[in-house]
Amino acid sequence: MSASLEKVINKRMATTASAGYLELLRGNRNFRQLWLGQVVSQMGDWFDTIALYTIILNLTGSGRNIGLLLVARFVPSFVFGSLSGVVADRLNRRTIMIASDLLRAVVVLGFLLVRRADQLWIIYFLTVLQLAFSTFFEPAKTAAIPSIVADRELVAANAISSVTWSAMLTLGAAIGGVVTGLFGTDVSFILDALSFLLSAALIASVRIPKRPPREKRKLTVSRALGITETIEGARYVKKRPRVLALLLVKPAWGMGGGILTLLAVFGEKIFPVGHSAATGIGVLFAARGIGTAVGPIVARRISGEGKKRMQNSIGIAFLISGVFYMAFGAATSFIFALVVLGIAHTGGSILWVFSTVLLQRGVEDDFRGRVFAAELALLTLTMAVSNYATGALLDPIGLSPRVVSIGIGAFFLLPGLAWFATQRWWDQDKREQVKTLRLSVAEQPLDAELDPIALSKGRDESKL
């Protein structure tokens, strides 16, 4: 190997080495500002969530009403999911995020009006509005991340986002429970509104590269409503089994999402802390947050960032969640329950981060918003069904929370087994593209095979 060729290869290896977490936050201002917006808004979100759980339990004491709240939080993403994806691919993604934050700041102040049990409809109505605006925020944010970070920074960026969500869950749930218990729910709602305003200000300073101009097409009613682009997105996914499999990872996890309803019930009835339901709920959600923070960091260190290892980690993560949710349901010690709950949620965060990274790498920018919107819509649909079913099993049917938790854990094993059983089918498009790439390389002159630019192009074409 010549010295000049060796220098080119070494330089390329250095520039493609995985980015560190601190390196990314220090060196990438755009991602740092987006991340800081996530920090403050998600901290406020958990103040809001704990306060709503507390109001409903204080006014009704019903697990079913908690389930209805979670349904109200999940349904908007399914209803508006396809439209939000079209908007994220059509309009400026930074503008979408800012507008969503400002509108949510106004909506959460409406929770201050709730004082009696017959006013619970206000909570459900405003929750639908709040999450409808979130439905437009999340696909725009997830689709924008690959535009502001390099490919070698992508896993670190998503891991940071996941850990931040977890840390804000831990701190927000714990601190939100204390603040709600000491100062009342009104203070939590006001703090949440302020967090959205600060998030909007931080995102306003983010510079997202402009995308190439969209091809001009004749305006029709179906195109104006986003129907045409939604159908195009569905066809895009249908032709790519691997993208479809990755898109279904989070919705499969959502089928066991009724565990969220159970955490509120466990915090009030099985593992209460002191005399406040809010404190017990907050501690359980904090344990969940610690688990989700640890998961992607440990998984990245063990499995690395290779596609095959990340894919296998997703299946293993489902199995981890299932086993330890069953252990949570059977736990009689509060400390043991916190430990196994945290471990169960390491699985959830692993499959969340790795499926997101693989989709971001494998989906073209023009379709990224629609793919992530479809993923969010299906996730929230399965979460809504699961939480409603969990609430129904608890109240009208009268099953023990422990029995329901063990059942959810057993259910979590199924997608993990299906992931490994179907991998040969949904990975077929990748094998076909690798075969095509090898044939095209074999037909090129020797110099072209060693050209790092040509090799880079070949890698880009084989991402799916």
Side-chain angles (χ1 to χ4, degrees), residues 15-21 23-39 41 81 83-101 134-162 164-165 199-215 226 229 232-233 236-237 240 243 246-247 296 305 307 310 352-376 456-457 459-464:
T15 57
T16 56
S18 300
Y21 303 114
E23 174 193 351
L24 173 58
L25 291 174
R26 289 173 179 169
N28 191 323
R29 180 184 179 278
N30 286 324
F31 178 77
R32 183 172 65 249
Q33 295 298 97
L34 184 63
W35 170 71
L36 289 173
Q38 176 189 4
V39 169
S41 66
L83 179 60
S84 69
V86 172
V87 170
D89 285 337
R90 183 185 292 179
L91 303 181
N92 185 291
R93 290 166 179 163
R94 184 184 65 170
T95 302
I96 295 170
M97 289 186 281
I98 294 172
S100 298
D101 271 342
S134 296
T135 299
F136 287 87
F137 182 96
E138 291 301 330
K141 174 194 166 188
T142 308
I145 287 178
S147 299
I148 62 175
V149 303
D151 185 77
R152 75 185 192 89
E153 298 172 327
L154 200 53
V155 175
N158 283 282
I160 288 173
S161 294
S162 177
T164 299
W165 183 91
S199 173
L202 289 166
I203 292 173
S205 66
V206 175
R207 296 291 176 264
I208 300 176
K210 290 185 177 180
R211 288 175 287 164
R214 292 171 56 85
E215 178 184 351
E229 283 133 310
E232 289 175 354
Y236 177 87
V237 172
R240 294 160 175 81
V243 172
L246 290 168
L247 187 152
E305 298 182 10
K307 287 182 181 180
M310 284 197 285
W352 191 283
V353 170
F354 284 178
S355 65
T356 299
V357 171
L358 292 172
L359 277 176
Q360 286 173 332
R361 285 178 170 170
V363 177
E364 299 168 27
D365 184 68
D366 286 346
F367 289 92
R368 207 176 283 147
R370 278 166 283 181
V371 168
F372 282 111
E375 178 192 57
L376 180 61
S456 174
K457 181 179 180 182
R459 274 192 294 272
D460 290 340
E461 290 173 350
S462 65
K463 280 185 179 178
L464 292 178

Between [atom1] on residue [X] and [atom2] on residue [Y], distance to nearest 0.5 Å:
X	Y	atom1	atom2	value
Arg361	Leu246	CZ	CG	12.0 Å
Leu36	Arg29	CG	CZ	10.0 Å
Leu24	Leu154	CG	CG	10.0 Å
Ile145	Thr356	CD1	OG1	8.5 Å
Ile160	Glu153	CD1	CD	9.0 Å

Output side-chain donor-acceptor pairs under 3.5 Å for residues 91-100, partner residues at least two apart or in another chain, one line each.
from	atom 1	to	atom 2	distance (Å)
Asn92	OD1	Arg94	N	2.9
Asn92	OD1	Thr95	N	3.0
Asn92	OD1	Thr95	OG1	3.4
Arg93	NE	Ala88	O	2.8
Arg93	NH1	Ala143	O	3.4
Arg93	NH1	Asp365	OD1	3.1
Arg93	NH2	Asp89	OD1	3.0
Arg93	NH2	Asp365	O	3.4
Arg94	NH1	Ala204	O	3.1
Arg94	NH1	Val206	O	2.9
Ser100	OG	Ile96	O	2.9
Ser100	OG	Phe133	O	3.3

If the condition is side chain to side chain donor-acceptor pair (under 3.5 Å), which residues does [X] pass it with, not counting sequence neighbours?
X	answer
Ser134	Arg104
Ser147	none
Ser355	none
Gln38	Gln42

Quick one: does [X]'s side chain have a donor or acceptor within less than 3.5 Å of a partner on [Y]'s backbone?
X	Y	answer
Asn28	Ile148	yes
Thr142	Pro139	no
Asn30	Arg207	yes
Arg370	Val86	no

Under the side chain to side chain contact (heavy atoms under 4.5 Å, CB included) test, residues paired with Ser199 that sit two or more places apart = Val40, Ser41, Asp101, Ile203
Residue list, side chain to side chain contact (heavy atoms under 4.5 Å, CB included) with Val39, at least two apart or on another chain = Trp35, Thr164, Met168
What pair of heavy atoms forms the shortest contact from Ala157 to Val149, and how long is it?
-> CB-CG1, 4.3 Å
Do you know which two heavy atoms are closest between Leu359 and Glu375, and how far apart they sit?
-> CD1-OE2, 3.6 Å
Are Gln360 and Phe372 close enough that some pair of their side-chain heavy atoms sits under 4.5 Å apart?
-> yes
Who passes ring pair (Phe, Tyr, Trp, His ring centres under 6.0 Å) against Phe367, sequence neighbours left out?
-> Tyr236
